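First the structure, in the form of structure tokens, and then the observations on it.
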Amino acid sequence: MYQSTLFSKTKKETPPDEVSLNAQLLLQAGYVDKLVAGVYSYLPLGLKVLNNIQEIVRAEMNKIGGQEILMPALSPKANWQKTGRWEGFDVLFKLKGSGDKEYALGASHEEVVTPLVDKYVNSYRDLPVSLYQIQTKFRDEPRPKSGLLRGREFSMKDLYSFHRDQADLDKYYEKFIAAYKNIFSRCGLDAKLVKSGGGTFSKFSDEFQVFTPHGEDIVFSCSKCDLHQNKEIFAGDKCPNCQGKLEENKAIEVGNIFKLGSKYAKDFGLTYTDEKGQEQDVVMGCYGIGISRLMGAIVEVHHDEAGIIWPASITPFKVHLIPIGADKNDEVKSETDKLYKALQAKNIGVLYDDRLDMGVGQKLADADLLGMPVRLIISAKTLENGGCEVKRRDSDKVEIMPFDKLVEHLEK
Ligand code: ATP
Ligand code: MG
């Protein structure tokens, strides 16, 4: 893509009213725009990142048998009354429609997916089933000030699994832990499995937490064994496993998985007929990942004083191609054009800084702020030295590489 045509522009300064690091960098670089607190637009580069994260999540959910659906964001009050969450879900957005009908904006989808599954599942042969969606969720969070980490409107992947019994749920749940670990490491994050108190209707849950100084959660980690527990439930000063010393870490919860049991199945009469012809309650699990929170978490972890450093798996473009002096030197211009075409032909995503009215300092500062993993510079000097300057965003090392080796090198 030609940078001169990019809709969004970088800003000279960080937005004064934004306190969170992820939002400061993403706003300054033009990845997102803030409408009001907790509500953001995703601009062209930001949407590419969000889509890349979604594709990783989709691939891992499909691998363990998840089937993608899309449920409505609007759901009737009656469904939420059945589960006790019209009053019990403290951050639920409620609205009035015509004829005094009342609705909730989807904050979570047990109230929609359970009656949906009831329409298709009758016999033990119909189970297990695993349904997920990637959708905008709405929660009226009080004072959201953590940027993408806590939105009032945000992107979530939520999956719901339905089983004959607890043993079948337990087996599937273990597969999830492995799939979630894959997702977070593919996104460049080291997420720890953390034991926690459950949500509205379950006793315990497993959270996936990324340790960073700006996290909203506090996790106790054992210095000896691999035990991590959320501070919210934990009482005591030693590891309950091995009596080791506990360390306190700030962390971001990027995912959360629950065994729901038959709570929602009972609310909606979701049963199945077993092998003996007996009617049984379906057993459920639910599994969430904050897609947009993940984008914020990646920025919190991968940045330096100059800007963002995207992991290659989710970056909007792999390469930032920057000619220097192309307005005065035809060879610089033609070699850069040639390389741009060669990279595109190999399907290597490239942002071409073709802005002629922009000084070198500003171009390089923009490249650091935007954070593409590889920067390529072509100037009269690099051509004299036989090629183009290659620099990784996460390293200070620069090297000159001949054009014929470059494309192959980048493909790796
Ligand atoms: P938190 O304790 O941070 O409020 P939660 O326990 O309410 O999270 P869940 O209801 O389990 O979260 O939602 C699943 C996932 O969605 C969370 O693990 C988190 O990654 C993400 N998430 C939850 N609330 C928000 C929000 N307001 N903005 C962005 N992502 C969110
Ligand atoms: Mg919450």
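A quick note: this is a predicted structure, and the numbers were derived from the prediction, not measured. The chain is numbered in sequence order, starting from 1. Remember, it's 1-based here, ligands and their atoms both numbered in the order they're listed.
With no hydrogens or angles considered, a side-chain donor-acceptor pair links Ser196 and Glu207 at under 3.5 Å. Residues Tyr287 and Ser161 bring a donor and an acceptor atom of their side chains to less than 3.5 Å of each other. Residues Asp158 and Gln133 bring a donor and an acceptor atom of their side chains to less than 3.5 Å of each other.
Here Asp217 contributes atom CG and Phe211 contributes atom CZ; the two are 10.5 Å apart, rounded to the nearest 0.5 Å.
At a heavy-atom distance under 4.0 Å, only backbone atoms of Val254 (N, CA, C or O) approach ligand 1. With a 4.0 Å heavy-atom cut-off, ligand 1 is reached by the backbone of Arg150 and by its side chain too.
Considering each of Met156, Glu253, Glu232, the one bringing a non-hydrogen atom nearest atom 13 (O) of ligand 1 is Met156. The nearest non-hydrogen atom to atom 26 (C) of ligand 1, considering only Tyr287, Phe208, Phe154, Phe258, comes from Phe154.
A heavy-atom separation below 4.0 Å is not found between Asp158 and ligand 1. In this structure, Ser292 has no heavy atom closer than 4.0 Å to ligand 1. By the 4.0 Å heavy-atom criterion, Ser108 is excluded from the residues contacting ligand 1.
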Working for salt bridge (charged side-chain N to carboxylate O under 4.0 Å, His left out), residues Asp337 and Lys341: CA-CA 6 Å; Asp337 286 345; Lys341 297 237 158 67; over 6 Å; no
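In terms of protein heavy-atom proximity, atom 6 (O) of ligand 1 is closest to Asn256 ND2, 3.6 Å.
Remark: Lys338 is not positioned above the aromatic ring of Phe403, lacking an NZ or CZ atom under 6.0 angstrom from the ring centre and at most 45 degrees off the axis. Figure legend: Lys82 and Phe268 shown without cation-pi pairing, the cationic atom not lying both under 6.0 angstrom from the six-membered ring centre and within 45 degrees of its axis.
For ligand 1, the polar-atom distance check finds an N/O of Glu141 within less than 3.5 Å of one of the ligand's N/O atoms. Polar contact with ligand 1: present for Gly151 (N/O pair, distance under 3.5 Å).
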